[in-house]
Protein chains: 2
Amino acid sequence: MSTESTQARAAETLTELILEIFRLNGRLIEAGDQLVRSLGLTSARWQVLGAMDRSAVPLSVASIARNKGLSRQAVQRLVKEMAKDGLVRFAANPHHKRAQLVTMTEAGRAAFAAAMTKQAPWAEDLTRGLSPDDLAQAVALLRALRARLERARDGGARPDDERCAGEASGL
Amino acid sequence: MSTESTQARAAETLTELILEIFRLNGRLIEAGDQLVRSLGLTSARWQVLGAMDRSAVPLSVASIARNKGLSRQAVQRLVKEMAKDGLVRFAANPHHKRAQLVTMTEAGRAAFAAAMTKQAPWAEDLTRGLSPDDLAQAVALLRALRARLERARDGGARPDDERCAGEASGL
DNA sequence: GTCGTAATGACAATATATTGTCAATTTGCG
DNA sequence: CGCAAATTGACAATATATTGTCATTACGAC
């Protein structure tokens with residue numbers, strides 16, 4: 001064991017990290033579902049509304065998917081369902097006949113606002129006593145890992161995150 | 001902004017962390033699926049076999065679910081499917097007539113071993129250049145967060161992780 | 001032993017999410 | 001302009017996962 005390389009030990013720790021992410025992901029979705037259930041939302045719907053809320057301009061389904069790292073189809077399904085529930089609506093896209101723009105209805109904005117109101121004290125509770133630096137460092141590490149995974153997937157065709165970042169204010 | 005409390009900033013960072021976990025979770029499942037597809041496995045199946053591999057004794061479906069933080073039903077479905085594919089088999093449980101024990105078949109062990117062989121260089125590649133301390137600290141932070149979420153969910157009924165840890169060598 | 005409670009797996013319903021395919025549309029290059 | 005390539009949404013199939021319900025089984029208090 002003491003002859004093991006630093007690389008190998010780091011890789012083992014990565015494996016632990018991966019397994020922990022799987023578990024935590026489940027717990028977070030579960031907690032989010034509970035938190036916003038009474039608002040007619042779910043973690044997934046909330047996430048989609050979050051992408052729309054952050055953008056200054058209406059987004060297409062495909063843009064939301066890219067912003068959230070989900071597949072186009074997953075978002076499409078959620079958006080159509082939320083449209084049926086009156087949380088979002090479609091608007092014609094002057095620049096793209098096929099790709100309609102998704103906007104929140106008044107009900108959608110209200111539900112999202114209520115969700116964020118519920119989330120704030122929940123998040124403060126969860127962070128209580130944790131080091132802000134540790135949190136920030138963890139975010140940075142996870143971002144770095146994801147960047148590597150996406151680089152590998154896309155064949156090194158994306159030198160940075162400009163595409164997603166710029167898209168929030170574009171299309 | 002400068003009047004914002006440390007708590008509130010930490011909570012904002014936590015929100016970023018949560019969103020990053022959602023994304024990274026998707027990328028990891030995707031990468032895992034690709035890695036073991038040729039072995040007749042998926043990320044989910046791999047995860048289940050991993051729980052079985054780590055335990056010294058055969059586990060029941062419910063134990064695997066607890067170990068991995070999944071629902072009983074998710075594991076049940078995967079196990080039954082893998083049984084149909086000859087990767088695992090059921091054995092009678094002397095201590096519990098209803099809860100059969102799940103064991104890997106020779107094919108299951110071979111597939112799992114092949115998966116781990118593929119995973120090792122992949123993980124080393126992914127960790128290259130990352131600080132082992134950062135990785136370990138991130139694991140610790142995520143574990144702490146999950147513990148809080150589970151404490152909240154279970155109503156504070158579980159003072160520590162003894163239940164899951166002890167279960168690996170029990171039932 | 002008896003009885004209430006918890007654990008377990010079966011079954012069903014639903015939500016989430018990816019993959020693959022296709023046609024319509026847009027875009028960019030020549 | 002013309003045409004190949006990429007983007008986009010629709011549709012379908014499948015995988016993953018939770019929730020809820022139920023009958024059976026195990027366990028503990030008494």
Side-chain angles (χ1 to χ4, degrees), chain A residues 22-23 25-34 36-37 40-48 59-66 68-85 90 92-102 153-154 157-158 163 167 170-171, chain B residues 22-23 25-34 36-37 40-48 59-66 68-85 90-102 153-154 157-158 163-164 167 170-171:
Chain A
F22 288 163
R23 289 187 184 187
N25 183 70
R27 297 294 71 76
L28 288 171
I29 290 174
E30 186 178 53
D33 280 344
Q34 278 191 331
V36 299
R37 178 181 305 167
L41 295 182
T42 62
S43 290
R45 288 179 169 206
W46 188 5
Q47 207 183 357
V48 169
L59 299 173
S60 68
V61 163
S63 304
I64 297 172
R66 273 192 299 273
K68 286 301 173 181
L70 298 170
S71 69
R72 231 169 54 235
Q73 299 312 315
V75 175
Q76 194 119 45
R77 203 192 133 277
L78 288 164
V79 163
K80 287 180 80 170
E81 211 178 43
M82 284 196 285
K84 196 157 41 175
D85 288 0
F90 294 98
N93 184 347
H95 298 348
H96 196 310
K97 192 171 174 183
R98 192 175 182 84
Q100 286 192 300
L101 299 175
V102 190
R153 177 184 61 171
D154 302 341
R158 188 193 311 183
R163 183 152 152 252
E167 201 164 40
L171 195 253
Chain B
F22 287 163
R23 289 188 184 187
N25 182 69
R27 297 294 72 76
L28 288 170
I29 289 175
E30 185 179 53
D33 281 344
Q34 278 192 331
V36 299
R37 178 180 306 167
L41 296 182
T42 62
S43 291
R45 287 179 170 206
W46 187 6
Q47 207 183 356
V48 169
L59 299 173
S60 67
V61 163
S63 304
I64 298 172
R66 273 191 300 274
K68 286 301 172 180
L70 297 170
S71 70
R72 232 169 53 236
Q73 299 312 313
V75 175
Q76 194 118 46
R77 203 192 133 277
L78 288 164
V79 163
K80 287 181 80 170
E81 211 179 42
M82 284 196 285
K84 197 157 40 176
D85 288 0
F90 294 98
N93 185 347
H95 298 347
H96 197 309
K97 194 170 174 183
R98 191 175 183 82
Q100 286 191 301
L101 300 176
V102 190
R153 178 184 60 172
D154 302 341
R158 188 193 312 182
R163 182 154 152 251
C164 281
E167 200 162 43
L171 194 256

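Throughout, protein chains are lettered first and strands after them, A, B, ... in sequence-line order, and every chain is numbered starting at 1.
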(request) Find the bend of the helix from dG1(C)-dC30(D) to dG30(C)-dC1(D) as the angle between its two terminal axes (five pairs each), to the nearest 10°. (result)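 It works out to 40° between the end axes.
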For [X] and [N], what is the distance between atoms [atom1] and [atom2] respectively, to the nearest whole Å?
X: Phe90(B); N: dT8(C); atom1: CZ; atom2: P; answer: 15 Å
X: Lys97(B); N: dA7(C); atom1: NZ; atom2: C1'; answer: 16 Å
X: Trp46(B); N: dT16(D); atom1: CH2; atom2: P; answer: 14 Å
X: His95(A); N: dT7(D); atom1: NE2; atom2: P; answer: 18 Å
X: Arg27(B); N: dT18(C); atom1: CZ; atom2: P; answer: 7 Å
X: Glu30(A); N: dT19(D); atom1: CD; atom2: C1'; answer: 11 Å
X: Arg77(A); N: dG20(C); atom1: CZ; atom2: P; answer: 20 Å
X: Glu81(A); N: dT16(C); atom1: CD; atom2: P; answer: 6 Å

(request) Please check if the side chain of Arg45(B) supplies one atom and the backbone of Gly40(B) the other of a donor-acceptor pair under 3.5 Å. (result)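 Indeed, once roles are kept as given, a pair shorter than 3.5 Å links the two residues.
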(message) Quick check against the 3.5 Å criterion: does Arg27(B) have a side-chain atom that pairs as donor or acceptor with the backbone of Gly69(A)?
(response)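 At least one qualifying donor-acceptor pair exists.
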(message) By nearest heavy atom, map Asp33(B) and Asp33(A) onto DNA chain D; which one lands nearer the 5' end?
(response) Asp33(B)
(message) On a heavy-atom basis, which atom in Asn93(A) and which in Gln100(A) lie closest, and how many Å separate them?
(response)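 Heavy-atom minimum between the residues: CB-CA, 4.3 Å.
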(request) Could you pull out the closest heavy-atom pair between Phe90(B) and Ala83(B), with the gap in Å? (result)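 Looking at all heavy atoms of both residues, the shortest contact is CE1-CB, 3.9 Å.
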(request) Look at the side chain of Ser60(A) and decide which nucleotide, out of dT16(C), dG9(C), dG9(D), has an atom nearest to it. (result)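 Looking only at heavy atoms from C-beta outward on Ser60(A), the closest nucleotide is dG9(D).
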(message) Once salt bridge (charged side-chain N to carboxylate O under 4.0 Å, His left out) is applied, what residue pairs with a partner in residues 68-80 of chain A remain, sequence neighbours excluded?
(response)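 For residues 68-80 of chain A: Arg77(A)-Glu81(A).
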Might you list the N or O atoms of the protein lying below 3.5 Å from N or O atoms in nucleotides 10-13 of chain C, with each pair's distance?
residue	atom	partner	partner atom	Å
dA10(C)	OP2	Gln76(B)	NE2	2.5
dA10(C)	N6	Gln73(B)	NE2	3.3
dC11(C)	N4	Gln73(B)	OE1	2.6

(request) Could you list the residues that satisfy side chain to side chain donor-acceptor pair (under 3.5 Å) with Asn25(B), not counting sequence neighbours? (result) none
(request) Please work out if Thr42(B) contacts a base, only the sugar-phosphate, or nothing of the nucleic acid, heavy-atom cut-off 4.0 Å. (result)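 Answer is sugar-phosphate: Thr42(B) comes under 4.0 Å of backbone atoms only.
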(request) Using a heavy-atom cut-off of under 4.0 Å over every strand shown, decide if Ile29(B) touches base, sugar-phosphate, or nothing. (result)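 The answer is nothing, as Ile29(B) stays clear of every strand by at least 4.0 Å.
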(request) Applying side chain to side chain contact (heavy atoms under 4.5 Å, CB included), name anything that partners Gln73(A), two or more places apart in sequence or on another chain. (result) Ser71(A), Gln76(A)
(message) Evaluate Val102(B) against Met82(B) for side-chain contact (heavy atoms from CB on, under 4.5 Å), listing each step before the verdict.
(response) CA-CA 11 Å; Val102(B) 190; Met82(B) 284 196 285; over 6 Å; no
Please tabulate, one pair per line, each protein N/O and nucleotide N/O from nucleotides 2-6 of chain C that are separated by under 3.5 Å, including the distance.
none

(message) Just N and O in the side chain of Arg37(A): are any of them under 4.0 Å from OP1 or OP2 of dA15(C)?
(response) no
(message) Is there a side-chain contact (heavy atoms from CB on, under 4.5 Å) between Leu70(A) and Gln47(A)? Walk through the geometry before answering.
(response) CA-CA 10 Å; Leu70(A) 298 170; Gln47(A) 207 183 357; 4.2 Å; yes
(message) Between Ser43(A) and Asp33(A), does the side-chain hydrogen bond (donor to acceptor under 3.5 Å, both in side chains) criterion hold? Intermediate values first, please.
(response) CA-CA 5 Å; Ser43(A) 290; Asp33(A) 280 344; 3.2 Å; yes
